[in-house]
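Notes follow the structure.
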Protein chains: 2
Amino acid sequence: MEEIDARIAAVLAADGRCSFTDLAERVGLSVSAVHQRVRRLEKRGVIRSYAALIDGDQIGLPLTAFVSLTPIDPAAPDDYPLALATIEEIESCHSVAGVESYIIKVRVASPSALEALLARIRAVAAVSTRTTVVLSTPFEHRPLLAAVAAQPGTAPPVPD
Amino acid sequence: MEEIDARIAAVLAADGRCSFTDLAERVGLSVSAVHQRVRRLEKRGVIRSYAALIDGDQIGLPLTAFVSLTPIDPAAPDDYPLALATIEEIESCHSVAGVESYIIKVRVASPSALEALLARIRAVAAVSTRTTVVLSTPFEHRPLLAAVAAQPGTAPPVPD
DNA sequence: ACTGAAACCGAATCCGT
DNA sequence: ACGGATTCGGTTTCAGT
């Protein structure tokens with residue numbers, strides 16, 4: 001991917017509602033050129049989607065936890081992701097290397113809601129669980145493109 | 001928070017670039033009313049920001065890992081988040097309950113980049129690290145508002 | 001692949017309820 | 001707090017280089 005595409009992606013990663021007009025100014029291209037590039041980034045899947053990032057505390061889901069899952073029967077067919085996807089409290093699901101097979105991130109309203117959620121997880125997935133409660137989140141959702149966008153792919157235009 | 005605000009937040013969580021016109025149709029209000037509500041959700045911090053979600057694989061950061069951090073000196077002042085925030089490869093940082101003090105999520109280009117990153121983390125933070133490599137991500141960034149938005153807060157308007 | 005212009009549509013504001 | 005109208009600016013498309 002080119003440097004200019006990386007910069008466009010970086011801007012949108014940090015400000016998902018940035019207008020094409022602003023974007024054009026920031027990267028030094030015409031509006032229609034940026035438009036073209038953004039559509040291409042979307043089509044290629046570099047930009048997967050756009051999202052409003054919501055504060056869990058303010059929507060009645062103040063408790064975040066990471067839950068590590070270990071299959072009870074190691075020989076069981078691995079369709080856990082499908083089963084887990086049906087549970088809405090699970091925000092993300094990662095298959096991982098190590099003693100445990102999956103790490104999922106969940107958000108719930110209360111400790112008792114967490115307890116009920118863990119029961120549901122064990123019910124749909126035949127796993128044992130290990131839960132790590134999040135106390136606070138100093139930061140999250142940081143755009144990872146700053147470094148990528150900063151790297152000089154082609155030389156920047158020389159000012160005269 | 002009201003039900004209608006929850007629905008607005010849910011729509012924007014799933015489609016961060018949704019227009020006010022679309023939003024108005026979806027929640028059954030006028031454009032100016034939703035506009036007002038969205039601005040209020042932003043001001044109150046319910047909507048923290050908007051972001052384009054980027055595919056790490058496509059920007060040269062195919063390796064994701066969770067790193068658990070344990071302070072070497074348990075009595076040391078806890079300014080780890082500040083130190084960690086300077087490292088761009090760290091996407092999120094959570095303080096957690098348990099044997100370890102923090103769980104961070106990182107994205108890097110390669111195993112050797114991960115090795116270098118871990119060295120940097122230990123350098124800035126005086127911690128021991130335990131790393132869990134992500135093999136695949138069945139899903140992530142799921143909007144957690146579906147359940148919240150579905151719950152009937154006030155009764156819906158009665159059609160005549 | 002980028003520019004510039006044209007046509008269209010959405011955003012933002014104001015006023016009235 | 002909502003709706004409707006207005007104005008302004010952004011989006012989208014097209015033709016040209």
Side-chain angles (χ1 to χ4, degrees), chain A residues 1-54 58-60 145 148-149 151-160, chain B residues 1-54 58-60 145 148-149 151-160:
Chain A
M1 193 176 60
E2 290 169 75
E3 188 235 341
I4 200 149
D5 280 342
R7 281 175 55 200
I8 288 172
V11 171
L12 287 172
D15 176 11
R17 282 188 86 102
C18 182
S19 72
F20 290 93
T21 310
D22 280 7
L23 211 41
E25 279 186 22
R26 294 230 228 164
V27 303
L29 270 162
S30 70
V31 176
S32 45
V34 211
H35 187 269
Q36 203 174 38
R37 280 173 178 268
V38 170
R39 293 297 178 233
R40 194 177 56 191
L41 289 169
E42 292 168 351
K43 190 154 143 279
R44 289 182 182 167
V46 176
I47 295 173
R48 296 235 289 235
S49 65
Y50 299 91
L53 305 182
I54 306 296
Q58 297 220 35
I59 56 163
L145 279 147
V148 177
Q151 90 188 349
T154 54
V158 180
D160 51 8
Chain B
M1 191 176 61
E2 292 170 74
E3 189 235 342
I4 198 149
D5 279 341
R7 280 176 55 200
I8 289 172
V11 171
L12 286 172
D15 176 10
R17 283 189 85 105
C18 182
S19 72
F20 289 86
T21 310
D22 281 6
L23 210 42
E25 278 185 23
R26 294 231 227 163
V27 302
L29 267 151
S30 70
V31 176
S32 45
V34 276
H35 188 269
Q36 204 173 36
R37 280 172 178 270
V38 169
R39 292 299 176 233
R40 194 177 56 192
L41 289 169
E42 291 167 354
K43 193 155 143 279
R44 289 183 183 166
V46 177
I47 295 173
R48 297 234 292 233
S49 65
Y50 298 91
L53 304 182
I54 305 296
Q58 297 219 35
I59 56 162
L145 278 149
V148 177
Q151 90 187 351
T154 55
V158 180
D160 50 7

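Residue numbering restarts at 1 for every chain, and letters A, B, ... go by the order of the sequence lines. These numbers come from the heavy atoms of this one structure, side chains and all, not from hydrogens, waters or symmetry mates.
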Report the distance from atom CZ of A:Arg37 to atom C1' of C:dT3, rounded to the nearest whole Å. 14 Å

May I have all residue pairs that pass ring pair (Phe, Tyr, Trp, His ring centres under 6.0 Å) and include part of residues 5-29 of chain A, sequence neighbours excluded? A:Phe20-A:His35

Please list, for nucleotides 9-13 of chain C, all pairs of protein and nucleotide N/O atoms separated by less than 3.5 Å.
from: C:dA11; atom 1: OP1; to: B:Phe20; atom 2: N; distance (Å): 3.2
from: C:dA11; atom 1: OP2; to: B:Phe20; atom 2: N; distance (Å): 3.0
from: C:dA11; atom 1: OP2; to: B:Thr21; atom 2: N; distance (Å): 3.4
from: C:dA12; atom 1: OP1; to: B:Arg39; atom 2: NH2; distance (Å): 3.4
from: C:dA12; atom 1: OP2; to: B:His35; atom 2: NE2; distance (Å): 3.2
from: C:dA12; atom 1: OP2; to: B:Arg39; atom 2: NH2; distance (Å): 2.4

Using five base pairs at each end to define the local axes, how bent is the helix from C:dA1-D:dT17 to C:dT17-D:dA1, to the nearest 10°? 30°

Quick one: side chain to side chain contact (heavy atoms under 4.5 Å, CB included) partners of B:Arg48, sequence neighbours excluded? A:Asp55, A:Glu140

Which residues pass the side-chain hydrogen bond (donor to acceptor under 3.5 Å, both in side chains) test with B:Arg26, not counting sequence neighbours? none

Expressed in angstrom and rounded to an integer, what is the separation of A:Ile8 atom CD1 from C:dC2 atom C1'? 12 Å

From CG of B:Leu29 across to P of D:dC2 the rounded distance in Å is 6 Å

Atom pair distance, as rounded to whole Å: CD in A:Gln36 and C1' in D:dT13: 11 Å

By side chain to side chain contact (heavy atoms under 4.5 Å, CB included) - contacts of A:Thr21 (at least two apart): A:Ser19

All salt bridge (charged side-chain N to carboxylate O under 4.0 Å, His left out) counterparts of A:Glu42, not counting sequence neighbours: A:Arg39

By side chain to side chain contact (heavy atoms under 4.5 Å, CB included) - contacts of A:Ala52 (at least two apart): A:Ile54, B:Leu12, B:Ile47, B:Tyr50

By side chain to side chain contact (heavy atoms under 4.5 Å, CB included) - contacts of A:Ala33 (at least two apart): A:Leu29, A:Ser30

Sub-3.5 Å donor-acceptor pair from the side chain of A:Arg17 to the main-chain atoms of B:Ser49, do we have one? no

